[in-house]
Trainee: 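Questions regarding the structure given below will be posed in turn.
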Amino acid sequence: MSSNILFASSNKNKFDEASKILSNFKINLEFFKSDLIEIQDDSISDIASQKVKDAFNKSQKPIIVEDDGLFIDSLNGFPGPYSSFIFKTIGNNGILELVSSNRTAKFVSVIAYSDGKNIEIFESSIKGKISDKPRGDGWGYDPIFIPENQNQTYAELTNKNQISHRYESLSKFASWFLNRQE
Ligand code: IMP
């Protein structure tokens with residue numbers, strides 16, 4: 001038996017990846033295209049939690065949202081919770097100008113689920129580093145993020161969806177969700 005859940009986002013790339021990942025767990029995602037209220041906060045999980053409340057209010061159906069952040073060690077975790085704004089303003093080239101010799105970073109994904117009664121949060125991160133120049137044809141920070149133990153950026157890798165920060169957080173969500181249904 002497969003389960004249907006809504007995925008609220010304005011980002012179709014994110015939805016497409018999430019949908020592929022969750023199909024491995026027989027969870028069927030439907031795209032709920034929406035510009036959700038996004039608070040500014042230092043905590044990605046608090047942002048995701050607020051977003052999922054707004055998403056449930058709009059959809060009135062069980063729904064998940066995802067919030068991500070790229071944390072660069074030499075910049076004390078910047079852009080972190082501000083990753084979306086920074087991508088829109090200075091973009092990958094701006095990030096590359098800021099990063100110096102220590103290029104280590106992590107990509108964090110938080111999944112928030114609401115059924116209107118409770119909110120559940122699932123968080124994961126993947127370590128990696130910032131490339132010296134954009135490589136590959138990908139969305140967002142994909143061309144400049146090289147996950148740990150790889151030589152290629154997310155944009156160059158063919159198996160991003162099997163190793164990404166998103167894969168890890170959605171796997172945690174799926175195992176909780178499927179066990180809860182039984
Ligand atoms: P958001 O606020 O959760 O949408 O994401 C923060 C920023 O990270 C946005 O600019 C996204 O495009 C970017 N982002 C999120 N996930 C990924 C990814 O898997 N690859 C590349 N960029 C991403």
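All values below come from the heavy atoms of this structure, side chains included, with hydrogens, waters and symmetry mates left out. Count residues from 1 along the sequence. Atoms within a ligand are numbered from 1 in the order they appear, just like the ligands themselves.
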Trainee: May I ask you to list the atoms of ligand 1 that are less than 4.0 angstrom from any heavy atom of Asp67?
Mentor: 2 (O), 3 (O)
Trainee: Should Ile146 and Tyr141 be counted in the same cluster of Ile, Leu, Val, Met, Phe, Trp and Tyr side chains packed under 4.5 Å apart?
Mentor: no
Trainee: Do Ile39 and Leu36 land in one hydrophobic cluster if side-chain heavy atoms of ILVMFWY residues count as linked below 4.5 Å?
Mentor: no
Trainee: Nearest protein heavy-atom contact for atom 6 (C) of ligand 1: which residue, which atom, what distance?
Mentor: Asp68 O, 3.5 Å
Trainee: Please write down residue, atom name and distance for the protein heavy atom closest to atom 16 (N) of ligand 1.
Mentor: Arg166 NH2, 2.9 Å
Trainee: Quick one: which of Phe87, Trp139, Tyr82 has a heavy atom closest to atom 14 (N) of ligand 1?
Mentor: Trp139
Trainee: I'd like to know whether Asp16 forms a side chain to side chain contact (heavy atoms under 4.5 Å, CB included) with Trp139, so could you lay out the CA-CA distance, the side-chain angles of the two residues, the decisive distance to 0.1 Å, and finally the verdict.
Mentor: CA-CA 12 Å; Asp16 286 343; Trp139 61 280; over 6 Å; no
Trainee: Ile27 and Phe15: same hydrophobic cluster, using ILVMFWY side-chain contacts below 4.5 Å?
Mentor: yes
Trainee: Using heavy-atom distances only, which candidate in Ala155, Pro81, Ser84, Ser164 approaches atom 2 (O) of ligand 1 most closely?
Mentor: Ser84
Trainee: Which of the numbered atoms in ligand 1 are under 4.0 angstrom from any heavy atom belonging to Lys14?
Mentor: 1 (P), 3 (O), 4 (O)
Trainee: Should you measure from each heavy atom of Lys160, which atoms of ligand 1 turn up under 4.0 Å away?
Mentor: 18 (C), 19 (O), 20 (N)
Trainee: Say whether, by atom type as modelled, one donor and one acceptor occur between the side chain of Asn161 and the main chain of Tyr167 under 3.5 angstrom.
Mentor: no
Trainee: Could you establish whether Phe145 and ligand 1 come within less than 4.0 Å of each other, counting only heavy atoms on the residue side?
Mentor: no
Trainee: With only distance considered, is Tyr141 within less than 3.5 Å of ligand 1 through an N or O on each side?
Mentor: yes
Trainee: Applying salt bridge (Lys or Arg N to Asp or Glu O under 4.0 Å), name anything that partners Asp67, two or more places apart in sequence or on another chain.
Mentor: Lys51
Trainee: Give the residue and atom name of whichever protein heavy atom lies nearest to atom 20 (N) of ligand 1, and the separation in Å to one decimal.
Mentor: Asp142 OD1, 2.6 Å
Trainee: Mind checking whether His165 and Tyr154 have parallel, tilted or perpendicular rings, split at 30° and 60°?
Mentor: parallel
Trainee: Is there any N or O on Lys51 that sits under 3.5 Å from an N or O of ligand 1?
Mentor: no
Trainee: Counting heavy atoms only, which part of Lys88 comes closer than 4.0 Å to ligand 1: side chain, backbone, both or neither?
Mentor: neither
Trainee: Set out, in order, the CA-CA distance, both residues' side-chain angles and the distance that settles side chain to side chain contact (heavy atoms under 4.5 Å, CB included) for Phe7 and Glu66, then state yes or no.
Mentor: CA-CA 8 Å; Phe7 184 93; Glu66 181 188 357; 4.0 Å; yes
